[in-house]
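Take a look at the structure below.
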Amino acid sequence: MMGVVAADETEVAIVGAGPAGLVLSHLLAARDIDCVVLEQRDRAYVEHRVRAGVLEHPTVELLRSLGLADRLDREGLAHRGIQLAFDGVRHRIDFLELTGRSITVYGQQEVVKDLIAARLAAGGPIVFEAVDVTPIGVDTDHPLVRYRRDDQRHELRCRIVAGCDGSYSVCAGMVPGRAVAERRYPFAWLGILARAAPTQDELVYASHERGFALYSMRSPEVTRLYLQVAPGEDLAAWSDDRIWTELAARLPLADGFRLNTGPIIERGVTGMHSSVATPMRYGKLLIAGDAAHIVPATGAKGMNLAIADATVMAAAIEDALRGGRPERLADYTSTCLSRVWRTQLFSHRMTTMLHRFGDDPFQRQLQRAELDLVTSSAAAATDLAEQYAGLPFATFAERVG
Ligand code: PHB
C-alpha cells in the first residue's frame with residue numbers, strides 16, 4: 001500500500017538533475033534562494049548518460065565563477081579552434097586568434113558529476129528516484145509538486161517550479177497553448193566512444209560524399225567519433241570493422257590526419273532534430289533546456305543553451321522572489337528566445353553545411369560555396385568562431401537583471 005503523504009517546503013522546486021536544473025540550483029544557492037532538485041533517475045544513471053562534450057567559453061566562465069571548475073580546469077581539454085575538412089583537405093578555424101576565446105572539451109556527464117558532488121557537499125537537497133513528478137497549481141501563488149519515492153507519496157510546496165526535465169518533459173506538457181516549431185533532418189548520427197588516444201587537439205568536422213563524419217575526444221585516452229547514417233539506423237548492422245572503415249573513408253587521412261583505433265566502449269544512434277516550444281512559462285512554471293528546445297548535435301550547443309536558460313531563469317526568479325518584481329517572470333520566454341533562435345540558426349547552418357542531403361546538385365554546390373566562404377573569408381570564419389565559442393551570457397541575463 002502507498003505510504004502517507006510527506007510534506008515539505010522550499011522556494012524553488014527544480015524538476016530534473018541535468019545541466020539546466022543543476023546549474024540553476026547552484027545559481028539560486030549563490031543568491032540564498034532555497035531549492036530542491038527532484039530527479040526521476042538514480043544518481044549513477046544521470047552521471048553516466050553520454051552526451052556531447054564541448055563547453056563554450058561563457059559556460060566555462062560561469063562554472064568558474066560559481067567555484068565549480070576545479071576538475072574541469074584540471075582535466076578539460078582546451079581547444080583553440082576546430083578543423084573543417086572537405087575534398088579531403090583540412091582547414092583550421094582558429095577561434096582564439098579570431099575571437100580571443102576558446103572552447104573546452106569535457107563530457108557533459110563530467111559536468112553533471114561535478115555539479116551533483118558540489119551541491120550535495122553544500123547540503124543542497126537532490127532527491128533521486130523521485131517518480132511521477134506532477135506540478136500542481138502553477139497558475140496560483142501556491143504551487144506544489146507531487147511525487148512518489150520508495151512507495152511514499154510526497155508533496156513539495158514551493159513558490160516557483162523550474163521544469164528542467166529534458167526532452168520528454170512532463171513540465172513542458174503543462175504549458176497551455178504551447179506551440180512547437182520544428183525541423184527533422186533526414187539523417188541520424190551513429191556515435192562511438194573508443195579507447196584510443198586522440199591524435200590531435202582539435203575536432204574535425206568532415207563533409208564527404210559518403211556522408212558527414214566528426215572526430216572528437218573525451219580525454220587523452222578516449223576518442224569520440226560520429227558518422228552520418230540513416231534515421232533509425234540499425235546498430236546491429238554496424239560491426240566494429242565497418243565503423244572504422246567508414247570513419248577512415250570519410251576523415252581526411254590523405255591530408256596528414258591520423259586516426260587511432262581501439263576497443264569501442266559505447267555506441268548509439270541519435271536522431272537529428274531542431275525544435276522550439278513556446279511559451280517557456282506558464283504562471284509560476286518556467287521551462288529550461290531540452291524541455292523547451294532541441295538543437296541538432298552539429299556544433300554541440302545543447303548543454304550550453306540549457307545552461308544559458310538557467311542563467312536567465314535564476315535572474316528572473318531572484319527579481320520575483322527577492323526584488324519584489326514578480327512581473328519579471330513574464331519576460332523569461334522572450335529573453336531566452338533571442339539566444340535560443342540564434343543557437344538554432346547556428347546549429348542548423350552547421351548541419352546543412354556539412355551533411356550529405358542527397359543528390360540535388362544545386363544544394364551540393366551551395367554547401368560547397370559555404371565551406372569555401374567560411375574557410376577563405378576572415379569575416380565568415382569570425383562569425384562561425386564567435387558563435388561556436390559562445391556569445392556572452394551577460395547580454396541576455398542583463399535584460400532580466
Ligand atoms: C562530442 O564530442 O560529443 C561532440 C563534439 C562536437 C559536436 C557534437 C558532439 O558538434
Side-chain angles (χ1 to χ4, degrees), residues 18-19 48-57 59-60 72 75-86 90 92-93 95 102-112 185 187-208 211-229 243 247 250-251 257 259-260 262 264-274 290 294-307 343-355 371 374 384-390:
H48 292 94
R49 227 171 352 201
V50 178
R51 294 284 185 275
V54 177
L55 306 189
E56 291 179 346
H57 180 78
T59 300
V60 172
L72 164 65
E75 296 177 18
L77 309 170
H79 284 198
R80 57 179 295 153
I82 56 166
Q83 297 172 14
L84 301 179
F86 54 101
R90 289 186 283 170
R92 297 192 62 230
I93 310 269
F95 301 162
S102 55
I103 52 167
T104 304
V105 172
Y106 189 67
Q108 173 169 323
Q109 72 269 36
E110 305 308 320
V111 175
V112 165
Y185 300 94
F187 40 75
W189 279 13
L190 189 164
I192 62 163
L193 277 178
R195 207 165 286 295
T199 54
Q200 60 172 50
D201 59 5
E202 281 178 347
L203 274 54
V204 181
Y205 288 81
S207 169
H208 194 275
F212 169 73
L214 172 61
Y215 171 83
S216 178
M217 62 214 67
R218 282 294 175 276
S219 72
E221 297 84 36
V222 176
T223 311
R224 177 82 168 144
L225 295 141
Y226 296 96
L227 287 168
Q228 174 184 352
V229 294
I243 292 173
L247 284 164
R250 297 184 192 182
L251 288 166
F257 172 78
L259 178 65
N260 282 342
I264 297 179
I265 51 182
E266 205 268 345
R267 67 187 81 210
V269 172
T270 317
M272 297 287 275
H273 158 216
S274 307
D290 283 4
I294 301 290
V295 288
T298 334
K301 287 294 180 208
M303 165 172 49
N304 295 291
L305 185 56
I307 290 173
T343 305
Q344 289 288 0
L345 174 63
F346 172 73
S347 305
H348 176 76
R349 271 193 187 160
M350 288 285 283
T351 301
T352 48
M353 177 172 78
L354 290 160
H355 288 77
L371 285 165
V374 91
L384 186 152
E386 259 187 356
Q387 298 190 63
Y388 199 119

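Ligands are counted one by one from 1 in listed order, and the atoms in each one are counted from 1 as well.
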Within a distance under 4.0 Å of any heavy atom of [X], pick out the atoms of ligand 1 and give their elements.
{"X": "Val54", "value": "5 (C), 6 (C)"}
{"X": "Leu203", "value": "5 (C), 6 (C)"}
{"X": "Arg224", "value": "2 (O), 3 (O)"}

Table please: side-chain donor-acceptor pairs of residues 264-273 below 3.5 Å, with sequence neighbours left out.
from   : atom 1 : to     : atom 2 : distance (Å)
Arg267 : NH1    : Asp240 : OD1    : 3.0
Arg267 : NH2    : Asp240 : OD1    : 2.9
His273 : NE2    : Glu182 : OE1    : 3.0

> From Gln387 CD over to Thr343 OG1, what is the distance, rounded to the nearest 0.5 angstrom?
Replying inline: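 Going from CD on Gln387 over to OG1 on Thr343, the span is 8.0 Å.
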Starting from [atom], what is the nearest protein heavy atom, named by residue and atom, and what distance separates them?
{"atom": "atom 10 (O) of ligand 1", "answer": "Tyr205 OH, 2.6 Å"}
{"atom": "atom 2 (O) of ligand 1", "answer": "Ser216 OG, 2.6 Å"}
{"atom": "atom 4 (C) of ligand 1", "answer": "Tyr226 CE1, 3.8 Å"}

>> Can you classify the ring geometry of Phe257 versus Tyr215 as parallel (below 30°), tilted (30 to 60°) or perpendicular (above 60°)?
In response: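 Rings of Phe257 and Tyr215: perpendicular, over 60°.
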> How far apart are the C-alpha atoms of Thr104 and Leu72, what are their side-chain angles, what is the distance that settles it, and do they pass the side-chain contact (heavy atoms from CB on, under 4.5 Å) test?
Replying inline: CA-CA 9 Å; Thr104 304; Leu72 164 65; 3.8 Å; yes
> Is it true that Arg195 and Glu221 make a salt bridge, defined as a side-chain N closer than 4.0 Å to a carboxylate O?
Replying inline: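 No, this pair does not count.
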> Using a distance-only test with no angle check, is there a side-chain donor-acceptor pair under 3.5 angstrom linking Arg90 and Gln200?
Replying inline: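 A donor-acceptor contact under 3.5 Å links the two side chains.
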> Quick check: does any side chain N or O of Asn304 sit under 3.5 Å from a backbone N or O of Val54, one acting as donor and the other as acceptor?
Replying inline: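 Such a contact is found between Asn304 side chain and Val54 backbone.
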>> For atom 8 (C) of ligand 1, which of the options Gly299, Ala297, Ser347 provides the nearest non-hydrogen atom?
In response: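 Comparing heavy atoms across Gly299, Ala297, Ser347, the nearest one to atom 8 (C) of ligand 1 lies in Ala297.
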> Which of the listed options, Arg218, Arg51, Gln108, holds the heavy atom that is closest to atom 1 (C) of ligand 1?
Replying inline: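 Comparing heavy atoms across Arg218, Arg51, Gln108, the nearest one to atom 1 (C) of ligand 1 lies in Arg218.
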> Where's the contact between Val105 and ligand 1, heavy-atom distance under 4.0 Å: side chain, backbone, both or neither?
Replying inline: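 Neither part.
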> Heavy atom of Tyr215 under 4.0 Å from ligand 1?
Replying inline: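 Not so, Tyr215 does not reach ligand 1.
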